[in-house]
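Below is one structure; the comments refer to it alone.
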Number of protein chains: 2
Amino acid sequence: VSTSGLNMSRRIRRTPYTDKVEAAGVRGFSVVNHMLLPKAFQPSVEEDYWHLREHVQLWDVSCQRQVQIQGPDAARLVQWMTPRNLSRAQVGQCMYVPVIDADAGLVNDPVLLKLADDRFWLSIADSDVLLYAKGLAIGAGMDVDVSEPDVSTLAVQGPKAENLMAGLFGETIRKVGFFRFGWFNFQGTRQLIARSGYSRQGGFEIYLNDSALGPALWDAVWDAGQAHHIAPGCPNLIERIEGGLFSYGNEMTRENNPLEIGLGKYCALDDSVDYIGRAALQSIAAKGVQREMRGVLFDGGPCPPCGKPWPVMAGPNRDQPVGQITSAAWSPRLQRNVGLSMIERAFWQPGQPVTVHSADGQQRSGQVCSLPFA
Amino acid sequence: VSTSGLNMSRRIRRTPYTDKVEAAGVRGFSVVNHMLLPKAFQPSVEEDYWHLREHVQLWDVSCQRQVQIQGPDAARLVQWMTPRNLSRAQVGQCMYVPVIDADAGLVNDPVLLKLADDRFWLSIADSDVLLYAKGLAIGAGMDVDVSEPDVSTLAVQGPKAENLMAGLFGETIRKVGFFRFGWFNFQGTRQLIARSGYSRQGGFEIYLNDSALGPALWDAVWDAGQAHHIAPGCPNLIERIEGGLFSYGNEMTRENNPLEIGLGKYCALDDSVDYIGRAALQSIAAKGVQREMRGVLFDGGPCPPCGKPWPVMAGPNRDQPVGQITSAAWSPRLQRNVGLSMIERAFWQPGQPVTVHSADGQQRSGQVCSLPFA
């Protein structure tokens, strides 16, 4: 019912690759930025996981919409939106930039692509950054154009991605560094390709700028991938938890500041740059954060899906709430469950014993650990 | 797979009623404002439709999130966000207010509730109006607080809603006029109840302000509804199309201005009030809109779900694109398909013959008609 059900409305947008993804046997979709994101392929998330670590996968991540900010005030607006110091950002660079509000609450955690001194893309997680940017620009009377270009990203992820891409786009793609991008030819068009992606297995993201070319690009990568044991895939829950990759809406919301998410290294806490929420963030830093994101390894056999936060308890009687798991999965490699949890300061040292109250009613023994999981 | 799959992430938020909705046999969910919206109940959308027209239904519409705008500049910010003249808005009033950007593109079409001269709720459709409002307030340096209160709306819809609600909340609720609200007691708390809802069958919306009371409120309405043949329900696709109720993301996006959606009566086109996009809207009005929303009645047996726009063709050879259907369903009452479509000016007169190209490859004969459907 619901797999097709999610397609039943224009409001939940299909992508240029959705027909291909359906033909490839997608098992269901999630919704990100009002757009379909494939959720899993046959036969299981576990087999997808092993495949991703060994071979190469093709992911429809069109839902990573681009918010284009262009014009004389573009650089000023983008800097105003993030605590990260962008003064040395280079054209051709990708930067992970927390976006916060006046209270230092996280609005999104996009990747910023600098296309020119006056043109940027924010490749966003699941919130309408476009409306935030528009509001700021209108409110402050800035001379910028804020738009959503026709860009649909196709990710090629896994250890064999580079050989595949070199075969398809030429050897020079090997020279593109991590979190850098270049421009490559596809059917007579010039397309942005970055070495990046939402996994720890390496790979590229093709920011295809023209929906009409979507099916041809999918087919081209698919065909080139045959020699590399390619499979359709999608961001893998197990792999991203093990790798300590957070998800906006899961591990962080506007209730969280970037410091407790471990993004302090991307925050200028002095007065060197001016951004929204600076005073709030400086105040939080001065007091010291009271909780921080950690891994939790826990027992009791494969856990159910984590649809709402699970209490993490500690203390002598394990009856003191010290955090909440917001994403969890069974790790077939570690043969234990792995979870991501905010943990209170007094309990965040690796090795701290905890009890996880999972949604199935079980109380599971576990321990705090550092990220990424070993 | 996917019904439960949609629950698998905290990012897609459950509501205070989700447990009840699942126990009541929900067939699947959609996602609106990062939150679950029930999609259909057993046995079918058609039976839901007939039931809604005769009896009373209980809908979890918590996804209609409230954007609270409060403070000395609240009234100024709210007026700035909409072309509708709010100068005579009264406390206790609900108003349908298009929200637009600088190009007069629709950002959302919420219902505004005036709680006090300096406190408003925007009860939103599917886009992050909170981020737009925050951006505007920060950009313009306005003295307002913009937040999402813990309000989860439960709709009681259908011709028997008033009797049910009078039994539960007292006879005075009968005096609440259409698009007006009052405050009523529930378990010692004061809750906002409006005569409103996303159907043409009449009813109320209870803006429950305290998630913890959700299950108790569901049960109270459910129990009071037993005498009125209550059933669980949700916004009904057939009923809303027949009634000419539009859906943001389906019938309208930022590509549309409020005039072509038929919202001209909510737009001050003179210079009496100052709002974002006024110059653009005045310019569009001066030129005259080139397309407008219409109904289309069409043949060929029950149509498939409308997951992406369907071309509407006219002209002597029926080969001229004149619009696109964005929502469609089989009407068991009219025994024809009903659709909502933007239609070009030269073809928007009721009775205009058209051909609809539905997703199943059929070319279906039909005609343009006025809204709501008879």
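Chain identifiers are assigned alphabetically (A, B, ...) following the order of the sequence lines, protein sequences preceding nucleic acid strands; residue numbering begins at 1 within each chain. Just so we're clear, the structure is a prediction, and the values are computed from it rather than from any experiment.
Heavy-atom distances place both the backbone and the side chain of A/I138 under 4.5 Å from chain B. For a residue to count as touching a neighbouring chain, one of its non-hydrogen atoms must lie under 4.5 Å from one of that chain's; by this rule A/R13 does not touch chain B. Contact annotation for B/T326: both backbone and side-chain heavy atoms come within less than 4.5 Å of a heavy atom of chain A.
Ion pairing of B/E255 with B/R291 is absent here, as no side-chain N (NZ or NE/NH1/NH2) approaches a carboxylate O to less than 4.0 Å. A salt bridge does not link B/E251 with A/R11: every distance from a Lys NZ or Arg NE/NH1/NH2 to an Asp or Glu carboxylate oxygen is 4.0 Å or more. Ion pair B/R14/B/D19 flagged as a salt bridge, since at least one NZ, NE, NH1 or NH2 atom sits closer than 4.0 Å to an Asp/Glu carboxylate oxygen.
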Exercise answer: donor-acceptor pairs, residues 99-106 of chain B side-chain atoms, under 3.5 Å, sequence neighbours excluded:
{"residue": "B/D101", "atom": "OD1", "partner": "B/D103", "partner atom": "N", "Å": "2.9"}
{"residue": "B/D101", "atom": "OD1", "partner": "B/A104", "partner atom": "N", "Å": "3.2"}
{"residue": "B/D101", "atom": "OD1", "partner": "B/G105", "partner atom": "N", "Å": "2.9"}
{"residue": "B/D101", "atom": "OD2", "partner": "A/K134", "partner atom": "NZ", "Å": "3.2"}

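Each of B/G135, B/A40, B/P309 has some count of heavy-atom pairs under 4.5 Å with chain A, and the biggest count is that of B/G135. Here B/L131 is the residue among B/V107, B/L237, B/L136, B/L131 with the most heavy-atom pairs under 4.5 Å with chain A. Taking B/A359, B/A140, B/A328, B/S247 one by one and counting their heavy-atom pairs under 4.5 Å with chain A, the maximum is reached by B/A140. With respect to chain A, the highest number of heavy-atom pairs below 4.5 Å among B/T253, B/L130, B/D126 belongs to B/D126.
Applying the side-chain hydrogen bond (donor to acceptor under 3.5 Å, both in side chains) criterion to A/E47, with sequence neighbours excluded, gives no partner residue.
Considering only heavy atoms from C-beta on, B/M293 stays 4.5 Å or farther from B/N256 through its side chain.
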